[in-house]
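Encoded as structure tokens, the structure appears first; notes follow it.
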Amino acid sequence: MEFDEKILNEEQLQPLKQTEGAVLVTAGAGSGKTRLLTYRVAYLIEEKGVSPYNILAITFTNKASNEMRERLIQMLPLASEIWISTFHSMCAKMLRRDIDKMPPFTRDFSIYSESDSEKVLKEVCSELGQEDDKFRKRAMHHLSNYKNGVQELDEYLSSHEDEYSMDKIGNAIRLYQEKLKKYNALDFDDLLQKTVQLFEMCPQVLSYYANRFRYILVDEFQDTNLIQYKLVKMLANVHGNIFVVGDEDQCIYSWRGANFQNIFNFKRDFSDVHVYKLERNYRSSKEIIQIANNVIKNNRQRLNKNMWTDKEEGEKPILYNAVDERDEALFVAKTIEKLKSQGYNYKDMAVLMRMNSLSRNFEEAFLSYNIPHRIFGGFKFYERAEIRIVIGYLRLFTNPKDDVSFARIINFPKRGIGDGTLARLAQIDPNKSLLENALSPEFTQNQAIFKKFAEFIAIFKKLSIEKQNPISKFVEKVITEFKIKSAYNIKDEEDLNRVYNIEQFIQSVREYEALNPDSTLSDFLESITLYSDNDQIGQEGQVTIATVHAVKGLEFKVVFVVGLEEGIFPISRALNSNFELEEERRLCYVALTRAMERLYLSYASKRYLYHESQFQVPSRFCREIGLLSLERPKPRVNVDRFNYEDGYKQNVPNKIANSSKVELWNKNILSEKKEEYKPKKDVSIYQVGQKVEHPKFGEGIILQISSDHLVGDIDFENFGKKSLMLELAPLTIIE
């Protein structure tokens, strides 16, 4: 395999060939760092004769891990032996092998999702008499902060002793941890913390991995938190060949413990660190790179680097001033349809926002105009109630101590088992789990309660013997034998959707089984617990609607960054904090650099927020980008109508344009013409009182049509009143 300028540029070749010692690569967005990481692994194997068994590559998403693995398998026959995983997957694998050295945990431990953890904490707060939601949220916040740091619990609590009720918070954390021990379960943060504890308690375990991994590579190093950084240092303490790639300009997770200072700490903690920069961008056009540089240069806590590209000139980014949130969503929808007619695919486009709460208007607009889309960052498939029921049943076959799963499933389908019955079951032997008590000989003697559990116990014992069957067959048997699907009324549309979701779950088991023929039920359950819905972004023929955080590391040909207003982006809490404001600017930089060819930015002059319509001030980032001028020209468009030019509309009411709250104005996008807009479709066919049909909303009646016949208010039977642009809406007149 060749490793020269045909494969990588000179900037990339230098760190590629620096194989020994500590190497830090600061890589700008779109600079080819994934390519560098992949070829570095290939270089170690092909040119340096390193065994794949001795290489560890850590990424931050399952998607990145899978992509790197697939690339390497195409390049090298033995690439499957390389350990490529996320931090959490790596730790889960290590704990499956050795956690029994930390009793009472055993190798068949459950990994609790966020909702499972919240359920346990709610139980804890109830037992402590702290049922206030505010207390529970504070306890969850401190629980996660503590586990993602490197302090002992007492040390952590004392460092926050100025806060209210830290002694009670400490009691909640301790009881929560005791319950997880009893349930033989770990939460997400435990995967990291328990691995560090395992290394400290059992030096021989750490020695095994530190000696095995002669070369360690870490992607997205700026997003490591304190405990992840500690893990890296522990694993690299023998050979010291540690290669990290990061970009402090893209550190956007400080709210969950990420510390971009680790990039600077790396140079302090490792001797003779070799530092390289990647500044050449392969993703975006010159125009997009220019405005991204314009924004990020305003941050002080960063290394000095400036992205550049030798790509040809591209389309200039467009900044759009919407009247309100509805106008903003319509602008995006119409632009998407125009781009679709020019050859772009829906999957090429993404609508990015600072907060999920802005997504509703875009979802409605896309539904109105039949634009296929998917919202990410919302309710996850594996968190749906019907799926959690199935997962709960399956978990009990791998971990009989999992009381959270037992309590979730034991009365589904209905068996007449409530909290009182479970409390009596727990009293049989407080040192055993609920399932263990239910299976005990003592329980069969209590006929009054036992008969409620008898059928469940008989089926559980029968299926436990068949656990070695192929995973998919076993999962189908569990669903059938426990009559899970039969509990839903398929004549009810919501219940029918739940049954369909269970069928999709079975299909996901089959797909996993096909890719992992030697896997166990425990392996499958671990994979879905560590799964992120965001791994599917951009894989289907749909427009992506997502928060900026959700698309980190991804790219799209067309990007819309919406809601660029003070208090939204940057978020309000950052307005009085330089530290948080710099993180918001990094988040903006990440949003801009997701775009490859076209970039559209938008802000609204008025938006409905906090139960009222409010005038909005454009984000300071609009000015830093260079598309928004401090000079405010007089509006030159009809105040009553949309003015379209070349497919884009601009509506600037005098009362908004002259508002004292709007101190900034964009003179670059005001139309120079005042031509009356003529719809491309004959909208005169629509009349008030007509019955029409929409492919998504179904049947409805036109209640009102605007004076220019462009907008119609339609009352749909199942969706209520919707305002649609008649030239775009796919309506069929029924009568």
Side-chain angles (χ1 to χ4, degrees), residues 62-63 65-66 69-70 73 79-81 83-86 88-89 92-93 95-97 99-100 106-113 116 184-185 380-402 404-406 408-410 412-413 435 439 455-488 498-533 535-536 539:
N62 296 318
K63 186 181 180 76
S65 292
N66 293 334
R69 185 178 295 105
E70 288 170 7
I73 287 174
S80 57
E81 294 183 26
W83 198 336
I84 306 172
S85 70
T86 64
H88 289 88
S89 295
K93 192 172 181 179
L95 292 170
R96 289 286 178 209
R97 183 178 181 269
I99 198 173
D100 53 358
T106 62
R107 295 180 182 183
D108 56 5
F109 62 86
S110 296
I111 301 175
Y112 279 178
S113 66
D116 295 324
N184 190 29
K380 298 178 180 178
F381 176 78
Y382 293 110
E383 288 292 309
R384 295 177 186 273
E386 62 273 17
I387 303 303
R388 286 163 63 192
I389 290 290
V390 177
I391 292 172
Y393 271 102
L394 296 175
R395 276 184 181 169
L396 291 176
F397 288 97
T398 62
N399 178 17
K401 294 182 180 296
D402 191 343
V404 170
S405 293
F406 186 87
R408 174 173 288 142
I409 63 90
I410 195 57
F412 189 94
L435 178 58
L439 296 172
E455 184 182 13
F456 167 83
I457 292 171
I459 296 171
F460 184 85
K461 287 181 176 179
K462 172 189 170 186
L463 291 177
S464 293
I465 301 172
E466 303 174 6
K467 241 190 342 179
Q468 300 306 314
N469 285 349
I471 304 174
S472 59
K473 296 296 183 185
F474 180 73
V475 170
E476 289 181 70
K477 274 193 175 183
V478 169
I479 292 170
T480 301
E481 294 283 345
F482 285 112
K483 302 175 183 177
I484 297 174
K485 286 195 291 188
S486 303
Y488 296 105
R498 293 185 179 104
V499 173
Y500 285 155
N501 285 335
I502 292 173
E503 291 292 340
Q504 286 298 311
F505 178 83
I506 295 172
Q507 181 59 27
S508 74
V509 181
R510 295 190 188 111
E511 291 172 0
Y512 178 84
E513 191 175 56
L515 294 171
N516 306 275
D518 298 325
S519 59
T520 64
L521 178 61
S522 180
D523 294 332
F524 170 72
L525 291 174
E526 180 178 306
S527 74
I528 62 174
T529 307
L530 298 177
Y531 168 86
S532 168
D533 274 6
D535 294 339
Q536 300 299 314
Q539 293 189 6

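What you see is a predicted model, and the numbers here were worked out from it, not measured in a lab. All heavy atoms count here, side chains included; hydrogens, waters and symmetry mates do not.
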Testing the basics here: between V478 and I484, what is the closest heavy-atom pair and its distance to 0.1 Å? O-CD1, 4.3 Å
Is there side-chain contact between Y512 and S527, with heavy atoms separated by less than 4.5 Å? yes
S522 side chain reached by D108 side chain, heavy atoms, under 4.5 Å: no
Any donor-acceptor N/O pair, N501 side chain to E386 backbone, under 3.5 Å: no
Pairing residues for E526 by the salt bridge (charged side-chain N to carboxylate O under 4.0 Å, His left out) criterion, not counting sequence neighbours: R96
Assess whether side-chain contact (heavy atoms from CB on, under 4.5 Å) is satisfied between K93 and W83, documenting all intermediate values. CA-CA 10 Å; K93 192 172 181 179; W83 198 336; 3.0 Å; yes
Taking only residues two or more places apart in sequence or in another chain, which ones pass side chain to side chain donor-acceptor pair (under 3.5 Å) with S405? D402
Show your reasoning for whether side-chain contact (heavy atoms from CB on, under 4.5 Å) applies to N184 and S110. CA-CA 6 Å; N184 190 29; S110 296; over 6 Å; no
Listed partners of T86 passing side chain to side chain donor-acceptor pair (under 3.5 Å), at least two apart: S89
Quick one: does any side-chain atom of N399 pair with a main-chain N or O of R395 as donor and acceptor, under 3.5 Å? no
Mind listing the closest non-hydrogen atom pair of I389 and R408 along with its distance? CD1-O, 3.6 Å
Under the rule for salt bridge (charged side-chain N to carboxylate O under 4.0 Å, His left out), what residues qualify as partners of E503, not counting sequence neighbours? K485
Is there side-chain contact between I111 and F109, with at least one heavy-atom pair below 4.5 Å? yes
Report yes if the side chains of Y393 and I479 come closer than 4.5 Å at any heavy-atom pair, otherwise no. no
In this structure, CZ of R384 is separated from CZ of F505 (nearest 0.5 Å) by 13.5 Å
Using 30° and 60° as the class boundaries, would you call the ring planes of F474 and F397 parallel, tilted or perpendicular? perpendicular
Could you pull out all donor-acceptor pairs under 3.5 Å where a side-chain atom in residues 455-463 meets a protein atom, sequence neighbours excluded?
from	atom 1	to	atom 2	distance (Å)
K462	NZ	E481	OE2	3.2

Salt bridge (charged side-chain N to carboxylate O under 4.0 Å, His left out) partners for E70, two or more places apart: none
Partners meeting side chain to side chain contact (heavy atoms under 4.5 Å, CB included) with D100 (sequence neighbours left out): R107
Checking E81 now: which residues fulfil side chain to side chain contact (heavy atoms under 4.5 Å, CB included) with it, not counting sequence neighbours? P52, Y53, L78
Do R498 side-chain atoms and I387 backbone N/O form a donor-acceptor pair below 3.5 Å? no
4.5 Å side-chain heavy-atom contact, L396 and I409: yes
Selection residues 514-524 - residue pairs positive for salt bridge (charged side-chain N to carboxylate O under 4.0 Å, His left out), sequence neighbours left out: none
Interatomic distance, OG1@T529 vs OH@Y112, rounded to 0.5 Å, equals 11.0 Å
Applying side chain to side chain contact (heavy atoms under 4.5 Å, CB included), name anything that partners I73, two or more places apart in sequence or on another chain. R69, A79
Residue list, side chain to side chain contact (heavy atoms under 4.5 Å, CB included) with S113, at least two apart or on another chain: S115, D116, E383
List in chain and number order the residues that pass side chain to side chain donor-acceptor pair (under 3.5 Å) with K477, two or more places apart in sequence or in another chain; answer none if no residue qualifies. E466
